[in-house]
Amino acid sequence: MNHIYKLHARLLKTGHHNHPLALRRLLLSCSASAPASLSYARSIFDLIAFPDTFSFNTIIRAHADSSPSFSLSLFSKMRMAGVSPDHFTFPFVLKACARLQTGLDLHSLLFKLGFDSDVYVQNGLIHVYGCCGFLDFALTVFEEMPERDLVSWSSMITCFAKNGFGYEALALFQRMQLGGTVKPDEVIVLSVVSAISILGDLELGKWIRGFISRSGLEFTVSLGTALVDMFSRCGCIEESMRVFDEMGERNVLTWTALINGLAVHGRSAEALRMFYEMRNHGFQPDHVTFTGVLVACSHGGLVSEGWHVFESIRNEYGMEPLPEHYGCVVDLLGRAGLLKEACKFVERMPIRPNSIIWRTLLGACVNHNYIELAEKVKEKINELDSYHDGDYVLLSNVYGGVGRWAEKAGVRNSMREKRISKKPGCSLINVNHLIHEFVAGDNNHPQFESIREFLVSMIDILKVVGYTPDISNVLFDIEEEEKESTLAYHSEKLAVAFALLCFKDRRTIRVMKNLRICHDCHCFMKHASDVFEREIIIRDRNHFHHFSKGSCSCRDYW
DNA sequence: GTAGGGTTAG
């Protein structure tokens with residue numbers, strides 16, 4: 001910022017401070033500086049009597065990241081003022097659109113103005129379509145491009161990954177390399193690392209790390225941070241720690257990635273220790289760091305430590321807690337069974353509780369069998385967002401937990417009336433470089449019969465050592481025997497049975513699941529890890545469960 | 001003066 005002030009002072013001194021060219025230069029300087037100088041950029045912009053295309057472009061660009069809606073309002077202002085956009089304008093406008101997940105109607109405008117054949121614009125379109133979930137549109141733009149650069153490939157790779165097509169993202173990266181015309185750079189490798197993180201496929205994770213060292217790319221802090229995060233998401237927190245230890249330089253994102261990793265792997269005390277160590281190294285935590293530490297505390301049952309961290313956000317760091325921090329505290333109290341305190345906290349929060357906060361409270365009610373409270377909380381959720389299948393499942397679990405089958409059936413009826421269906425559970429497992437998918441209630445796997453047979457025999461064996469199927473959470477009011485078989489074919493059980501059939505050695509079994517693991521599967525896995533002498537790692541929607549020798553890393557606190 | 005990337009509560 002200093003050089004901008006100096007520049008401004010010099011302009012004032014020489015009497016050029018109102019000269020359009022001087023103002024343009026000044027505008028460009030502060031727009032390219034830190035976000036803190038944006039208000040200064042706006043005041044310079046306001047001094048320009050008749051902003052031209054260049055000035056509009058500069059100010060739109062400056063706000064595209066941090067206040068995208070302001071960028072779009074500037075774009076409208078530009079159009080109203082009759083200032084023509086050029087091929088620089090649209091990449092900036094599209095960036096703002098991508099952040100807001102909007103602006104799909106821009107395509108026809110750029111087509112009309114003849115900018116649709118510009119590579120920068122096309123890349124921007126891929127990015128926008130990707131962020132809005134319109135994968136097909138993004139792919140059409142991508143495939144029809146006469147020439148693609150690195151940004152086209154990385155935008156399309158990210159687009160696949162963010163929309164749940166991780167393996168397609170990887171395939172596209174292979175296709176890019178086979179084409180041989182573009183050489184991967186740091187950013188594109190980061191897109192690939194991110195795709196692998198979403199997939200949680202450790203084999204691929206190891207491969208990309210090897211790729212990076214072979215590629216001759218500089219091992220930057222960003223790449224290291226991405227690997228720390230990736231290994232944790234692939235279920236291997238030890239590898240995250242190894243990468244972290246080997247990094248010569250780290251920043252707040254690196255520390256935060258490790259803290260989050262430790263938190264989701266149930267290593268709460270270590271996460272908290274890293275948080276304090278990070279401060280000793282002189283790094284200032286940000287909002288994301290606090291979220292990670294609070295998650296660690298809530299999952300580790302560290303109530304007073306978590307509360308202390310939460311209070312420190314405002315008292316020690318002078319920052320305003322975000323909704324996610326309040327959410328973490330609700331979880332912290334709720335998980336520990338302090339439901340009254342959690343409710344009081346929600347009532348007194350200075351921000352309006354959102355549906356996630358209520359949902360967190362609902363989860364706590366289920367875990368601790370607070371039925372009346374659960375009903376009230378569900379009503380709160382209905383006011384905000386009533387079509388979330390998971391809430392009905394949770395409420396149904398509260399009734400099931402105490403054997404109130406009639407109410408449980410009532411929940412099922414109201415789901416039917418509202419045409420809400422429970423999202424099927426789905427588990428993925430990598431066996432000999434092939435991904436196998438198991439979906440609850442689906443027998444499409446080519447070896448389904450033998451897997452089913454083996455699973456039935458597994459259940460029999462585990463029952464001998466104390467496993468009792470817990471049918472209270474089965475959603476439907478069906479016969480007891482049928483409830484047991486519904487449970488038996490939960491996707492993670494099928495995946496683990498399949499792994500035991502395939503892996504004759506004692507290697508760790510790693511499963512990725514789309515939903516939270518249920519109590520029954522959790523209990524099944526603990527026994528299975530003991531009887532079959534295997535480590536089983538399951539990544540569910542939020543966390544990792546490491547089953548070994550009959551117990552789980554979450555210490556059943558989830 | 002252009003676009004793609006690393007950490008975010010249930």
Side-chain angles (χ1 to χ4, degrees), chain A residues 24-25 27-29 31-32 53-55 57-62 64 86-95 98 115 118-128 130-131 149-159 161 185-195 197 220-230 232-233 251-261 263 285-295 298-299 321-332 334-335 354-364 366 381 388 390-391 394 516 541-543 558:
Chain A
R24 262 173 54 155
R25 171 81 206 283
L27 180 63
L28 186 63
S29 295
S31 298
T53 304
F54 180 93
S55 304
N57 287 352
T58 310
I59 195 84
I60 289 172
R61 176 197 181 191
D86 63 6
H87 63 289
F88 283 104
T89 316
F90 284 102
F92 306 144
V93 174
L94 288 169
K95 188 178 184 176
F115 293 121
D118 182 281
V119 177
Y120 283 83
V121 173
Q122 289 168 332
N123 291 343
L125 277 171
I126 295 171
H127 185 57
V128 172
C131 290
D149 62 9
L150 264 178
V151 180
S152 325
W153 289 96
S154 72
S155 304
M156 197 58 227
I157 287 170
T158 305
C159 181
D185 67 353
E186 184 195 359
V187 178
I188 205 154
V189 172
L190 283 169
S191 321
V192 176
V193 172
S194 162
S197 304
T220 57
V221 181
S222 307
L223 270 177
T225 305
L227 288 186
V228 168
D229 177 58
M230 180 195 75
S232 128
R233 287 179 202 265
N251 62 19
V252 60
L253 276 81
T254 323
W255 285 88
T256 305
L258 187 64
I259 290 169
N260 275 325
D286 66 7
H287 281 123
V288 188
T289 321
F290 286 120
T291 309
V293 186
L294 289 171
V295 168
S298 72
H299 282 263
L322 296 181
E324 40 271 56
H325 302 132
Y326 289 99
C328 288
V329 173
V330 175
D331 196 39
L332 179 78
R335 243 173 234 281
N354 59 24
S355 62
I356 301 180
I357 300 242
W358 290 119
R359 202 161 283 140
T360 308
L361 207 49
L362 183 60
V366 177
I381 297 176
H388 196 278
D391 304 331
L394 280 178
R516 275 189 69 181
R541 212 188 49 203
N542 303 324
H543 291 272
W558 52 284

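Reminder, nothing fancy here: chain letters follow the sequence lines and each chain counts from 1. Remember, predicted model here, so these are calculated numbers, not experimental data.
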Can you figure out which of [options] approaches the side chain of [X] most closely?
X: A:Thr254; options: B:dG4, B:dG6, B:dA3; answer: B:dG6
X: A:Ser222; options: B:dA9, B:dG5, B:dA3; answer: B:dG5
X: A:Asn354; options: B:dA3, B:dT8, B:dA9; answer: B:dA9
X: A:Leu253; options: B:dA9, B:dT7, B:dG10; answer: B:dT7
X: A:Leu190; options: B:dG1, B:dT8, B:dG6; answer: B:dG6
X: A:Ser155; options: B:dG10, B:dG4, B:dT7; answer: B:dG4
X: A:Val187; options: B:dA3, B:dG10, B:dG5; answer: B:dG5
X: A:Ala226; options: B:dG10, B:dG6, B:dG4; answer: B:dG6
X: A:Thr360; options: B:dA9, B:dA3, B:dG10; answer: B:dG10
X: A:Asp331; options: B:dG10, B:dA3, B:dG6; answer: B:dG10

Side chains of [X] and [Y]: is there a donor and an acceptor less than 3.5 Å apart?
X: A:Asn57; Y: A:Thr89; answer: yes
X: A:His287; Y: A:His325; answer: no
X: A:Thr220; Y: A:Glu186; answer: yes
X: A:Ser232; Y: A:Asp229; answer: no

Does [X] put a side-chain nitrogen or oxygen below 4.0 Å from OP1 or OP2 of [N]?
X: A:Arg233; N: B:dT8; result: yes
X: A:Arg61; N: B:dA3; result: yes
X: A:His127; N: B:dG4; result: yes

Could you tell me how far apart [X] ([atom1]) and [N] ([atom2]) are, to the nearest whole angstrom?
X: A:Phe92; N: B:dT2; atom1: CZ; atom2: P; result: 7 Å
X: A:Asp118; N: B:dG1; atom1: CG; atom2: P; result: 16 Å
X: A:Leu258; N: B:dT8; atom1: CG; atom2: P; result: 12 Å
X: A:Ile59; N: B:dG1; atom1: CD1; atom2: P; result: 18 Å
X: A:Asp286; N: B:dG6; atom1: CG; atom2: C1'; result: 12 Å
X: A:Asn542; N: B:dA9; atom1: CG; atom2: P; result: 8 Å
X: A:Asp86; N: B:dG1; atom1: CG; atom2: P; result: 14 Å
X: A:Arg541; N: B:dA9; atom1: CZ; atom2: P; result: 11 Å

Counting the atoms with a prime plus P, OP1 and OP2 as sugar-phosphate, which does [X] contact under 4.0 Å by heavy atoms, base, sugar-phosphate, or nothing?
X: A:Val221; result: base
X: A:Phe290; result: nothing
X: A:Glu186; result: base
X: A:Asp229; result: sugar-phosphate
X: A:Leu150; result: base
X: A:Asn260; result: sugar-phosphate
X: A:His299; result: sugar-phosphate
X: A:His325; result: nothing

> Mind checking whether A:His299 and A:Asp331 have side chains closer than 4.5 Å, heavy atoms only?
Replying inline: yes
> Would you call A:Ile188 and A:Val151 a side-chain contact if the rule is heavy atoms closer than 4.5 Å?
Replying inline: no
> Does any donor-acceptor pair link the side chain of A:Asp185 with the base of B:dG4 at a separation under 3.5 Å?
Replying inline: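 Yes, a donor-acceptor pair under 3.5 Å.
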>> Using a 5.5 Å cut-off between ring centres and planes within 30 degrees, is A:Phe88 stacked on the base of B:dT2?
In response: no
> For A:Thr291 and A:Cys328, what are the C-alpha separation, side-chain angles and deciding distance, and is it a side chain to side chain contact (heavy atoms under 4.5 Å, CB included)?
Replying inline: CA-CA 7 Å; A:Thr291 309; A:Cys328 288; 4.2 Å; yes
